[in-house]
Amino acid sequence: MKLIKDASEMTALAQTARAKGRVVAFVPTMGYLHSGHIKLVEAGRQEAGKDGLVALSIFVNPTQFGPKEDFTTYPRDIERDMKMAAGAGVDVIFIPRPDDMYTEGFKTFVNVEALSDRLCGAERPGHFRGVATVVVKLFNIVCPQIAVFGKKDFQQFVIIKRLVQDLNFPVKIIGVDTVRDPDGLALSSRNTRLSPEERQIALALPRALNIAKEAFLRGEKSAPAIAGSVKNILEKHRLLSVDYVNVVSVDALEAIDFVERDAVVLAAVRVGSTRLIDNVVLSC
Ligand code: PAF
């Protein structure tokens, strides 16, 4: 596995690979890799083929963190990440220098309107503007034909698909289903922050979403009733606070009254100081 820190070197490598007919698949991450990221790498390899070039970036992007958020304390372990990425078959790991990504005087941002302001965007103003901006920068540097994102960050996935379509990026976006621990908790780099007691409490989130899906499968179609049942379960836990629970359409993320087409239940909670998100798709 090759380590690249320089953006122009990354671009040159990708362009050379493409000129030789290799498909470049890209997995953007903020590091502290877990099995969910490895699944993204596997999906990238599958799409790019065995002769393809699988690139994984690690960059804790400051512009997607609010002033009171955990940018400085976000978990980081580059040595461990390098070993995991190499073991998963990543060909090139790109770890840009923060000063190269945001040079002095940086003023240009990408904003996917409306989709970025609701749900997590309402709780975290500017978050998706930071995500969209860094993803566009990384696409321009890594020049992939394929990019892979996890569906745990469902809103992010929808925003990236919109962005690629709106700005004519010749990149195929692949979404990979959420990977869970055996107890049901969706994998997230932030899970390491949970104490054993908090982790037990956090399990209410996947449980409540599962119960909502079962109710839907039994015939419940009212979006407020589905969201309400999830909230009721979550609010029973004294040490868990609910940021939001919403049932929305899968591609426009618009609030709906009845689940008549594919929809998704999106939820965000706080357990102690850790914010967790999860979702379940209701397929019609
Ligand atoms: O999902 C993430 O890890 C980040 O939001 C991303 C896409 C790497 C952009 O910083």
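Residues take their numbers from the sequence shown, with the count starting at 1. Ligands are counted one by one from 1 in listed order, and the atoms in each one are counted from 1 as well. Reckoned from all heavy atoms, side chains included, excluding hydrogens, waters and symmetry mates.
- Looking only at protein heavy atoms, the nearest one to atom 5 (O) of ligand 1 is Gln156 OE1, 2.7 Å.
- Pairing each heavy atom of Arg80 with each of Leu33, the nearest pair is NH2-O, 3.1 Å.
- Judged by distance alone, the side chain of Arg193 and the main-chain N or O of Ser189 form no donor-acceptor pair under 3.5 Å.
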### Query
Are Leu56 and Met1 close enough, and set up right, to give a side chain to side chain contact (heavy atoms under 4.5 Å, CB included), and what steps lead you there?
CA-CA 10 Å; Leu56 177 139; Met1 185 179 72; over 6 Å; no

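- Nearest to atom 9 (C) of ligand 1 among the protein's heavy atoms is Gln64 OE1, 3.3 Å.
- Atoms of ligand 1 found under 4.0 Å from any heavy atom of Thr29 (numbered from 1 in listed order, with element): 8 (C).
- The pair Asp77-Lys83 does not count as a salt bridge, with every side-chain nitrogen at least 4.0 angstrom from each carboxylate oxygen.
- Of all atoms in ligand 1, numbered sequentially from 1 with element shown, those under 4.0 Å from a heavy atom of Val134 are 9 (C), 10 (O).
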